[in-house]
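In what follows, chains carry the letters A, B, and so on, assigned in the order in which the sequence lines appear, proteins first and then strands, with residues in each chain numbered from 1.
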Amino acid sequence: MLDRRFVADNVDLVTANCRQRGSSADVGRFAELDRLRRQMQADVDRLNHEAGLVSKSIAKAADAAEREARKAEGRRLREEVTAIDGRLAEIAGESEEILRAIPNLTHPDAPLGGEDAAVEVRRGATPIPTFDFKPLDHVDIGGRLSLFDFDAGAKVAGHGFYFLTNEAVLLELALQKYAVDLLMREGFTVMTTPDLARDTILEGTGFMPRGPETQIYSITGSDLSLVATAEITLGGAMHERIFEAEELPLKLCGISHCFRTEAGAHGRATRGLYRVHQFTKVEMFAYTLPEQSEAMHLQLLDLECRLFDGLGIPYRVIDTASGDLGGPAYRKFDLEAWMPGRGTAGEWGEVTSTSNCTDYQARRLGVRYRKAGEKGTSFAHTLNGTAVAISRAIVAILENYQQADGSVRVPEALVAWVGKDTITR
RNA sequence: GGAUGGGUGGCAGAGCGGUUGAAUGCACCGGUCUUGAAAACCGGCAGUCGCGAAAGCGGCUCGUGGGUUCAAAUCCCACCCCAUCCGCCA
């Protein structure tokens, strides 16, 4: 969330930003409530102060009569406070609700508009492949090569679940190792992470468990939910943490399963592995000083590009438009891989993305830093980026590396771990 | 799942109804001393909200939420979390 004071002092700016973000948060109402809240708080403060003085005077009251009179006075003051407090809590609650719905500010270079306004800012090193045969989509390729079992997945857990089989398993493992190796060399601390998290942690990271439109699976009878991304756990790991400035930037890499209900997404690109309820992901996460976050964002983007260049998969980088940024992101880049089997003649499909959330997430998570010589603490910046989302990476590999005879070449970078250079049957 | 113990400032750790927002130690910052450093000594050091140009003043905060009281870190109730041991288990 944004700083409440900042919002109250910049109503026009924040309102305009909401409009560009497609958010209907009522900033004006917030400002009004906040003004009221402050005024009432001042009243409460004053009454509390008086009551405090009265309390102190009781301890050294001269006689019993004096003491009783003072007690009555104290009681009266406290009652007055209680009365105001009730209304104050209501007002604070409503204003807080609005505040939490207000999206982050937007990077001045981010394109304005909806999904269509996104701007292509970069192309990968690998050219779009041409085929002298009709390329198949990954479902057909995998079907011929026995690389997954969607029927079994549906039987066991329902539509959207799957078993990877044979070389697809090796690809999953190879992709993880490939990404982790690079990130370790780049100074990331690698970790596997819990696949469940408390709802408070989800909320702190900006996810909403258990709402009517939630994308999150929750565990009945507990306050745990399955994570939608390791961003949740990597962000939560530093909940309430105060860094020394020298500790930043801190680069983490987390491997987790990701679970998404994909409510409302049925009918669109639901075939195969592209949109599934569970997949494995290697996620990058960074905590930085405010002045470091922009450079870190480009660094994360660069790593994503290197990973996909290394895999030999064609892609383009999109500077996501304001209306498509979601709540926490200040700026977001998506990598869209070329998927020859999609649509009639191939289409771009999102494979990774990286967001700079500035202090938006950190404020709710309470992640701060302290600088020597500076008073107090400030909120850190957080960034996240996908290194590899395994299921979508597999889609891109199968479709780009397919051959006329139905076999699939293994990307050079993965051969060592897959143990072969071609997948055949 | 069962049984204990515990949640207090950056950390460790006292306090167990009234100048306690909180002893003490460590860490940290400033100073004295020193050629420099260390040690020693002296001083400073919680967060947050509100008012204020600032100095400053005031409120709230001792896991969370309720309750008792003029007054709660301290008493009562509920809940959450953590640790250890036992059981079960990859």
[atom1]-based separation of [M] from [N] [nearest Å]:
| N | M | atom1 | value |
| --- | --- | --- | --- |
| G59(B) | C77(B) | P | 31 Å |
| A37(B) | U20(B) | C1' | 39 Å |
| A23(B) | A46(B) | P | 10 Å |
| G7(B) | U64(B) | C1' | 11 Å |
| C16(B) | A73(B) | P | 14 Å |
| G31(B) | G18(B) | P | 41 Å |
| C51(B) | G43(B) | P | 36 Å |
| U48(B) | G21(B) | C1' | 13 Å |

Electrostatic pair [X]:[Y] at N-O distance under 4.0 angstrom:
| X | Y | answer |
| --- | --- | --- |
| D181(A) | K177(A) | yes |
| E94(A) | R29(A) | yes |
| R76(A) | E79(A) | no |
| E262(A) | R260(A) | no |
| D359(A) | R368(A) | no |
| R5(A) | D34(A) | no |

Expressed in angstrom and rounded to an integer, what is the separation of [X] atom [atom1] from [N] atom [atom2]?
| X | N | atom1 | atom2 | answer |
| --- | --- | --- | --- | --- |
| D199(A) | C79(B) | CG | P | 19 Å |
| R5(A) | U48(B) | CZ | P | 14 Å |
| E96(A) | C49(B) | CD | P | 13 Å |
| I201(A) | C80(B) | CD1 | C1' | 13 Å |
| Y369(A) | G47(B) | OH | C1' | 16 Å |
| D9(A) | C51(B) | CG | C1' | 14 Å |
| L53(A) | C57(B) | CG | C1' | 13 Å |
| D45(A) | G58(B) | CG | P | 12 Å |

Report task. Take the angle between the ring planes of F161(A) and H277(A) and call it parallel below 30°, perpendicular above 60°, tilted in between. Result -> tilted
Query raised in the report: Which nucleotide in the set C81(B), C51(B), G58(B) lies at the smallest distance from any side-chain heavy atom of R38(A)?
Result: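 My answer, after comparing the listed nucleotides, is C51(B).
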Query raised in the report: Any idea which of G10(B), G50(B), G47(B) is nearest the R370(A) side chain?
Result: G10(B)
Query raised in the report: Who pairs with E203(A) by side chain to side chain donor-acceptor pair (under 3.5 Å), at least two apart in sequence or on another chain?
Result: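 For E203(A) there are no side chain to side chain donor-acceptor pair (under 3.5 Å) partners, ignoring immediate neighbours.
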**Report entry** 5' priority, RNA chain B, between R4(A) and I242(A) [closest heavy atom]
**Finding:** I242(A)
Report summary line: By nearest-heavy-atom nucleotide on RNA chain B, the more 5' of R37(A) and D223(A) is R37(A)
Report task. Mind checking R198(A) for me? I need base, sugar-phosphate or nothing, with any heavy atom below 4.0 Å counting as a touch. Result -> sugar-phosphate
**Report entry** Paired stretches of RNA chain B - 3 or more consecutive Watson-Crick or G-U pairs, each distance under 3.5 Å
**Finding:**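 Looking at RNA chain B, the stems formed by three or more consecutive pairs are B:1-7 with B:80-86, B:10-12 with B:24-26, B:28-32 with B:40-44, B:47-51 with B:56-60, B:63-67 with B:75-79.
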Report task. Pick out which of R70(A), E73(A), R78(A) makes a side chain to side chain contact (heavy atoms under 4.5 Å, CB included) with S55(A). Result ->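 It is R78(A), the one option of R70(A), E73(A), R78(A) that forms the side chain to side chain contact (heavy atoms under 4.5 Å, CB included) with S55(A).
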Query raised in the report: What string of B, S and - do you get for nucleotides 61-73 of chain B, 5' to 3', when a contact is any protein heavy atom under 4.0 Å?
Result: ---------BS--
Query raised in the report: Are F333(A) and H297(A) close enough that their ring centres sit under 6.0 Å apart?
Result: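 They qualify: ring centres under 6.0 Å apart.
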Report task. Report yes or no: is the cationic atom of R370(A) (NZ for Lys, CZ for Arg) under 6.0 Å from the centre of the six-membered ring of F243(A), at an angle within 45° of the ring normal? Result ->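 Output no; distance or angle outside limits.
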Query - G59(B) phosphate, OP1 or OP2, under 4.0 Å from H49(A) side-chain N/O - result: yes
Query raised in the report: Syn versus anti for U61(B), judged by chi lying within 90° of 0?
Result: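 That one's syn.
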